[in-house]
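Below: one structure, written as structure tokens.
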There are 2 protein chains.
Amino acid sequence: MELEPKVRGCCRLDVRSELTEAAARPLAERLAALADPNRLRLLEILGRCAGKVCVCELVEALPLSQPTISHHLRVLRAAGLIDYEKRGVWAYYYVRREALQELEAQIRGLVAPSVEG
Amino acid sequence: MELEPKVRGCCRLDVRSELTEAAARPLAERLAALADPNRLRLLEILGRCAGKVCVCELVEALPLSQPTISHHLRVLRAAGLIDYEKRGVWAYYYVRREALQELEAQIRGLVAPSVEG
DNA sequence: GCCATAGATTGACGTAGTTCAATGGCTCAA
DNA sequence: TTGAGCCATTGAACTACGTCAATCTATGGC
């Protein structure tokens with residue numbers, strides 16, 4: 001009784017998501033960290049500079065207040081996409097490239113075909 | 001007078017974002033379309049099924065109302081990540097894999113190192 | 001033509017995100 | 001120890017987003 005196949009005019013599949021809510025949420029959070037124009041620009045600056053960049057550079061590079069820059073850096077860091085190192089009064093941020101690569105891989109894996117439909 | 005080099009204790013760089021606001025915005029919008037757990041789950045279902053999937057399947061697969069599913073499909077479609085085909089009263093959605101691949105490439109290109117720092 | 005059904009749209013509500021001004025903590029120099 | 005500078009945090013205002021109930025549109029069967 002439980003296993004009766006669905007009979008419908010529109011489709012023969014009976015699809016279920018293999019991506020659970022619990023698995024989708026952290027991926028969505030990392031993508032949300034990326035999904036802001038100003039955070040993309042910050043990341044682009046950090047990514048293009050091979051070394052570590054002082055916050056004052058970032059504040060000058062974008063038309064945003066210092067607290068706002070600080071907020072965006074915090075979001076990126078919470079997502080694991082960047083990290084920083086404190087030297088005296090200065091903070092130097094850098095991209096965690098392996099995190100970006102992992103994110104790419106997850107996007108790729110998300111839509112890897114596996115079922116006929 | 002305009003070209004005097006910056007003298008600062010913290011850094012010797014004078015960084016500018018090569019990613020303009022105008023270029024960052026559409027990329028951020030596509031990422032924002034991806035940055036929702038339920039949209040990721042929809043995309044995962046569409047991606048895993050090689051063919052095209054009827055909306056009724058999607059409504060059954062996730063614990064969301066039909067209007068909400070329809071809204072999310074609209075967002076994904078506006079971002080160019082999926083498309084659909086109408087057959088009679090039914091609508092069949094599918095992933096635009098080339099759009100996902102382009103998005104991956106843009107993330108990769110974003111943080112390609114090019115400047116000493 | 002009429003009705004049932006699939007899916008899209010609208011409107012409303014609650015939550016989350018972006019931004020800045022003001023302020024706080026910390027470190028170094030004098 | 002006092003002051004100045006760098007960066008983080010807080011609080012408030014505004015906007016954007018996710019969700020559902022209700023409604024609308026369009027298609028196909030009778």
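First the proteins, then the strands, lettered A, B, ... as listed; each starts at 1.
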A:Ala22 versus A:Pro26, closest heavy-atom pair with distance: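 Scanning both residues completely, I find the closest heavy atoms to be O-CD, 3.0 Å.
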Across the strands shown, which category fits [X] at heavy-atom distances under 4.0 angstrom: base, sugar-phosphate, nothing?
X	result
A:Cys10	nothing
A:Cys54	sugar-phosphate
B:Arg39	sugar-phosphate

Quiz item: cation-pi between B:Arg77 and B:Tyr84, 6.0 Å / 45°: no
Rounded to whole angstroms, how far apart are [atom1] on [X] and [atom2] on [N]?
X	N	atom1	atom2	result
A:Arg25	D:dG18	CZ	P	14 Å
B:Glu29	D:dA16	CD	P	12 Å
B:Glu60	C:dA6	CD	P	10 Å
A:Leu31	D:dC17	CG	P	16 Å
A:Glu21	D:dG18	CD	P	13 Å
B:Tyr92	C:dA6	OH	P	11 Å
A:Ile69	C:dA21	CD1	P	13 Å
B:Trp90	C:dA4	CH2	C1'	13 Å

According to a strict under-4.0 Å criterion, is [X] in side-chain N/O contact with OP1 or OP2 of [N]?
X	N	answer
B:His71	D:dC17	no
B:Thr68	D:dC20	yes
B:Tyr93	C:dA8	yes
B:Arg74	C:dT9	yes

Report the nucleotide, chosen from [options], that has the shortest atom-to-atom distance to any side-chain atom of [X].
X	options	answer
B:Val89	D:dT27, C:dT9, D:dC7	D:dT27
A:Val55	C:dA6, D:dC7, C:dG7	D:dC7
A:His72	C:dT19, D:dC20, C:dG7	C:dT19
B:Asp36	C:dT18, D:dG5, D:dG18	D:dG18

Same apolar cluster (I L V M F W Y, side chains within < 4.5 Å links), B:Tyr92/B:Leu76: no
Donor-acceptor check, side chain of [X] to backbone of [Y], threshold 3.5 angstrom: yes or no?
X	Y	answer
A:Glu44	B:Val111	no
B:Arg25	A:Pro37	no
A:Arg41	B:Ser17	no

Along DNA chain D (nearest heavy atom to each residue), the more 5'-positioned of B:Lys86 and A:Pro67: A:Pro67
Donor-acceptor pair (no angle test) under 3.5 Å: B:Gln66 side chain, C:dA6 base: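 For B:Gln66, whose side chain was compared with the base of C:dA6, there is no donor-acceptor pair (under 3.5 Å).
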